[in-house]
2 protein chains.
Amino acid sequence: MTMTTRDKLAWAAAKLFQEKGFHGVGLNEILASAGLPKGSLYHHFPNGKVDLALEAAAFTHRETTRIIDDAFRDARDFPDGARTLLHKMAKMFEIMGSYTGCPITSILFAGPEYEVFCEKSAEYFECWITQMTAHAERLGCDPVQARVEGEKAFHTLQGGWTLARARRDSDVMRNLAYQTWPETTSVAQATA
Amino acid sequence: MTMTTRDKLAWAAAKLFQEKGFHGVGLNEILASAGLPKGSLYHHFPNGKVDLALEAAAFTHRETTRIIDDAFRDARDFPDGARTLLHKMAKMFEIMGSYTGCPITSILFAGPEYEVFCEKSAEYFECWITQMTAHAERLGCDPVQARVEGEKAFHTLQGGWTLARARRDSDVMRNLAYQTWPETTSVAQATA
DNA sequence: ACAGGTCTAGACCAATCGGTCTAGCCTGCA
DNA sequence: TGCAGGCTAGACCGATTGGTCTAGACCTGT
């Protein structure tokens, strides 16, 4: 565990922002959680809280893209990969704590004054959808249907995470996986 | 327009909380928006900001249940009602302004310190799902499938709203309606 | 041994936060 | 006409906010 000071700050910020949102966490709380003084923060993130939030969001975005690829890499078909993805997310939800929100929305939905946040969130979401669309195509969907499947997976993930958070129960996401993409013996269910 | 002072406060608070979240809005900003002094707030809401947020959430919850019933009342079948609902939500999203988040999550996801918020959000979500499930049953779904349809509608709504907010484009929700519940000439697509 | 840059440490600042409190307006009743 | 209570109005409070600034620890190349 040889995390750099910069990563320690981004990690602590990500964890706290996901629980309470951008405005809900003070710099002092982040600093205390990371065990670092204020001077370090403004050395690594000259623009302060905004820079820190952007780095925290980028951090969790990279992790999410990794999880998506992991879930679909060895999938039989798109529904199989989507089910795996929701299970992985349920696990992540448990590890992070049941008050945790979607990394991106929790950090980057801070209001109209923060336009750069809004742009970034749209960029990250598009990135996830594109990524899942590519997996759908690779796994046999025709291009038009693949995009629809990619978007459906995104919405299911967002909606499931939100409900899981309110109920504080990761099983919401697991059940949702089988409801949305029922297991069948057929191989062609992705485009059915 | 003979809104009571209490309703003026709840309405102004709801609008601002939806944009910036519970922690993102100060009391002074709400008061300025409502055109009222601080004394009025603490007269009508003795517990201050928390009471105000709960009332704002209850306010938008009541409105949402009304919209749901409106959408399904004259529907041919569940998919028809769900499509109508997403169109109504898209309209509402435009009226409120494209930075607006889901009323409940924006107001009530304020972190672990506010347990009462978390409980309320779970209650409201469950209420919506139950309500949509009832409509699904009424419109011909068998009970088990009806619950699945109700949950699916909820997740689609949440996910769609989130993406619409990031993109600042209400059409996301409209397109999603037809992707998730394609129009067919068949009457039995609800359980297909 | 010393110089120079990188980074840590935390005191300090004005502004804003949620919340309290008192003064007085305004209305209904006697 | 006077009084009582619901409500408005806003000054004021300590605590906390994001952000700035200086002092010095530490490391590296010469």
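A note on names: the letters A, B, ... follow the listed sequences, proteins ahead of strands, and every chain is numbered from 1.
Of the residues in residues 108-119 of chain A, not one places a heavy atom less than 4.0 Å from an atom of DNA chain D.
Ion pairing between A/Arg83 and A/Asp80 holds under the 4.0 Å rule for side-chain N and carboxylate O. Checked for salt-bridge contact, B/Arg147 and B/Glu126 meet the test: a charged N lies under 4.0 Å from a carboxylate O. A salt bridge links A/Asp171 to A/Arg174: one of the charged nitrogens lies within less than 4.0 Å of a carboxylate oxygen.
No side-chain heavy atom of B/Thr4 sits under 4.5 Å from any side-chain heavy atom of B/His44.
Ring geometry, B/Tyr114 versus B/His23: the interplanar angle exceeds 60°, so the pair is classed perpendicular (tilted spans 30 to 60°). Taking the six-membered ring for Trp and thresholds of 30 and 60 degrees, B/Phe93 and B/Trp161 have ring planes more than 60 degrees apart, a perpendicular arrangement.
Counting non-hydrogen atoms under 4.0 angstrom, A/Gly39 reaches a base of the nucleic acid. Within 4.0 Å of B/Val50, counting heavy atoms only, lies no atom of the nucleic acid at all.
First and last contacting nucleotides of DNA chain C toward chain B (any atom under 4.0 angstrom from a heavy atom, 5' to 3' order): C/dC17 to C/dT20.
At whole-Å resolution of the value, NE2 in B/His43 and P in D/dG6 are 8 Å apart.
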Can you check nucleotides 11-16 of chain D for protein contacts, nitrogen or oxygen pairs under 3.5 Å, and list what you find?
none

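Here CD of B/Gln158 is found 9.5 Å from CD1 of B/Ile104. Values are rounded to the nearest 0.5 Å.
The aromatic ring centroids of B/Phe78 and B/Phe72 lie less than 6.0 Å from each other.
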Legend entry - Pair B/Glu55-B/Arg62, salt bridge (charged side-chain N to carboxylate O under 4.0 Å, His left out): steps then yes or no: CA-CA 11 Å; B/Glu55 177 60 26; B/Arg62 285 192 295 269; 3.6 Å; yes
Inset, instruction - Take B/His87 and B/Tyr178 through the test ring pair (Phe, Tyr, Trp, His ring centres under 6.0 Å) and record every step on the way to the result. - result: CA-CA 10 Å; B/His87 276 74; B/Tyr178 293 103; 5.4 Å; yes
